[in-house]
Amino acid sequence: MLFNVAKIVGMVLVLVLVGGITWAVWQKTNAEDEGIGGGDSDAPVAVQVQPVVVGEISNMRTFTGTLEPQSAFTIAPRVSGRLERLHADIGDIVERGQLVAELDEAERVQDVEQAEAELAVARANLDEVRSGLSTSEREYERFRTLREQQIASESEMDAAKAEFEAKQAQLQVAQSQVTQQEAALQAARVRESYTRLHATWNGGAERRVVGERYRDQGDMLAANTPVVSLLDIDTLRAVIHVAERDYPNVQVGQVASVMADAYHGREFEAEVTRVAPEFQRGSRQARVELRVPNAEHLLKPGMFARVRLEVGRAEEAVLVPLTAIVQRQGNAGVFVVDEEQSQVRFVPVQLGFQHGKQVQVLEPMLEGRVVTLGQHLLADASKIRIDEQAEAADETPEETAAEAEAATLGTAEER
């Protein structure tokens, strides 16, 4: 009986102890979250500060898109046949006019030889008709002379004339047959040339790269069957889509930068070349194309691209370091230094554009210096002690107040 009572008393004491510890932890956490401060409120808190500056800041947005070749086309035969030889493969450099592939040409060569033979027959027939026409013409002239001398009858002269005219008609037919066979021979030679596939294109660079191989040697091909694709990657095209809020600020000729995951930290120059005049109904976005020089061929078609583009700019903006922004009870704000009282006051702010380590404050108008390190120990009206030595040690020429004002071109939130 006594043992049970002691056991119950012990459990109650444990629960009271745990509850007390929990209450203390909760109070401390709540006080820190609400910015009440910690430790002795009379003891000054060591902080670092930086000045509020006024300067220019730009609104940069990051759009996601895809890289495409500036131009691309597929080499395909105009006639059917077996792929005899393939002279270019994936990744090979191809020059303008270079022979890329050959089809089995035996049948086409035979067609050419047959057309040549038929042309020879037509020409021989033409020579024969010409000879007969010459004989008929002499005979007709002879009978006409005899008729003038009243030696030959009129019927004999008419017969000679009819024979001459018939030979003239035969000559025209023979000449037409020769022309027809010459055209047939030319067509056969053209079809024979179709068995040799050359890389021909108009304009652009003299060299291109094989992007894809669709068929292998020995394959039977129908007419217009793709064999290889050729890409111009000296210059790429970045394709992005912009929403209505950014569309008015995107113009042809605008400078941008392109980044790819394959080259982390490296930016490639780009320029806006086309802005679509309509929005896609599904996404309510407009297509924008950018020209991306790619002389080193580092970027490849199909790569995922992030395009940084300026869509706004603010003049004479109030700028504070990004590290000065803190959250208190769900509100963004800064601790502004009261130089005379050696204390701070918490000022809620409305933020605008951001650029690296700088952020724009839209409201209210700030001036003086703001706390950039040690805010987690501060509350409104907290006493402070500015660590001038640490501030001087951390300060670099790019971070001085004078140069910060001149280096405030920046970027808004990225998407």
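Please read these numbers as outputs of a predicted model, since none were measured by experiment.
Ala88 and Val228 make their closest contact through O-CG1, 4.3 Å (heavy atoms, listed as atom of the first residue, atom of the second, distance). The two residues Phe73 and Thr200 make their nearest non-hydrogen contact at CZ-O, 3.7 Å. The two residues Thr225 and Pro77 have their closest heavy-atom pair at O-CD, 3.0 Å. Summarising the geometry of Ala286 relative to Phe279, their closest heavy-atom pair is N-CD2, 3.5 Å, with the distance given to 0.1 Å. Closest approach of Ala305 to Val258, counting heavy atoms only: CB-CG1, 4.0 Å. Across all their heavy atoms, Ala122 and Val178 have their closest contact at O-CG2, 3.3 Å.
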Stepwise, does the side chain to side chain donor-acceptor pair (under 3.5 Å) test hold for Ser71 with Arg208?
-> CA-CA 10 Å; Ser71 62; Arg208 297 196 175 181; 3.2 Å; yes
Test side-chain contact (heavy atoms from CB on, under 4.5 Å) applied to Leu309 and Gln254, step by step = CA-CA 8 Å; Leu309 189 63; Gln254 213 167 337; 4.2 Å; yes
Are Leu366 and Val347 close enough, and set up right, to give a side-chain contact (heavy atoms from CB on, under 4.5 Å), and what steps lead you there?
-> CA-CA 9 Å; Leu366 298 179; Val347 179; 4.0 Å; yes
List the steps, then state whether side-chain contact (heavy atoms from CB on, under 4.5 Å) holds for Val100 with His198.
-> CA-CA 5 Å; Val100 174; His198 293 82; over 6 Å; no
Just do the side-chain contact (heavy atoms from CB on, under 4.5 Å) check on Val49 and Phe335 with the steps written out, would you?
-> CA-CA 9 Å; Val49 298; Phe335 283 103; over 6 Å; no
What's the verdict on side chain to side chain donor-acceptor pair (under 3.5 Å) for Asp92 and His87, showing C-alpha distance, side-chain angles and the deciding distance?
-> CA-CA 9 Å; Asp92 291 348; His87 301 291; over 6 Å; no
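A donor-acceptor pair under 3.5 Å links the side-chain atoms of Thr372 to the main chain of Gln48, judged by distance alone. In this structure a side-chain-to-backbone donor-acceptor pair under 3.5 Å is present from Gln375 to Val371. Side chain of Asn294 to main chain of Leu298: a donor-acceptor pair is present (N/O by atom type, distance under 3.5 Å, no hydrogens or angles). A donor-acceptor pair under 3.5 Å is formed between the side chain of Arg96 and the backbone N or O of Trp201. In this structure, the side chain of Gln360 engages the main chain of Phe353 through a donor-acceptor pair within 3.5 Å. No donor-acceptor pair under 3.5 Å is formed between the side chain of Asp89 and the backbone N or O of Gly91. Under a 3.5 Å cut-off, the side chain of Thr195 and the backbone N or O of Arg191 do not form any donor-acceptor pair. When atom types are taken as modelled, the side chain of Asp219 and the backbone of Leu221 share no donor-acceptor pair closer than 3.5 angstrom. Remark: side-chain polar atoms of Glu105 are not paired, donor with acceptor, to backbone N or O of Glu84 under 3.5 angstrom.
How far CZ of Phe304 is from CG of Asp261: 6.5 Å, rounded to the nearest 0.5 Å. Taking CD of Glu363 as the reference point, atom CD of Gln350 lies at 5.0 Å (rounded to 0.5 Å). In this structure, NZ in Lys357 is found 10.0 Å from CG in Leu322, a value given to the nearest 0.5 Å. Considering CD of Glu118 and CD of Gln180, their distance stands at 9.0 Å, rounded to 0.5 Å. Between Glu269 atom CD and Ser257 atom OG the span is 9.0 Å, to the nearest 0.5 Å. Interatomic distance, Ile90 CD1 to Glu212 CD, rounded to the nearest 0.5 Å: 6.5 Å.
Looking only at side-chain heavy atoms (C-beta outward), Glu271 and Val252 stay at 4.5 Å or farther from each other. Within the 4.5 Å cutoff, the side chain of Pro301 has no heavy atoms near those of the Leu67 side chain. Proximity of Val349 to Pro364: side-chain heavy atoms (C-beta onward) are separated by under 4.5 Å at one or more points. In this structure the side chain of Thr74 reaches within 4.5 angstrom of the side chain of Pro226, judged on heavy atoms. Side-chain contact between Val307 and Leu290 is present, with heavy atoms from C-beta onward closer than 4.5 Å. In this structure, Val326 and Arg328 have side chains that are in contact, with non-hydrogen atoms separated by less than 4.5 Å. Residues Val318 and Val52 meet the side-chain proximity criterion, which asks for heavy atoms closer than 4.5 Å. Looking at heavy atoms from C-beta onward, Leu230 lies in side-chain contact with Ile75 at the 4.5 angstrom threshold.
For Arg369 and Glu339, the salt-bridge test passes: some basic side-chain N is under 4.0 Å from an acidic carboxylate O. The existence of a salt bridge linking Arg306 and Glu267 is excluded, since no basic side-chain nitrogen approaches an acidic carboxylate oxygen closer than 4.0 Å. In summary, Arg237 and Glu68 engage in a salt bridge, as defined by a charged side-chain N under 4.0 Å from a carboxylate O. Here Glu289 pairs with Arg287 in a salt bridge; the nearest charged N to carboxylate O distance falls below 4.0 Å. One finds no salt bridge joining Arg284 and Glu278 here, because no Lys/Arg side-chain nitrogen approaches an Asp/Glu carboxylate oxygen to under 4.0 Å. Look at Arg345 and Asp338 and you find no salt bridge, because none of the NZ, NE, NH1 or NH2 atoms lies under 4.0 Å from a carboxylate O. The existence of a salt bridge linking Glu102 and Arg196 is excluded, since no basic side-chain nitrogen approaches an acidic carboxylate oxygen closer than 4.0 Å.
In this structure, Glu116 places its CD atom where more than 12 heavy-atom neighbours from other residues, nucleotides or ligands lie under 6.0 Å away. The neighbour count for Arg385 CZ, taken as heavy atoms of other residues, nucleotides or ligands under 6.0 Å away, does not exceed 12.
Relative orientation of the Tyr263 and Phe268 rings is perpendicular, given thresholds of 30° and 60° on the angle between their planes.
There is a side-chain donor-acceptor pair under 3.5 Å between Gln177 and Asn125. Inspection of the Arg108 and Ser193 side chains reveals no N or O donor paired with an N or O acceptor under 3.5 Å.
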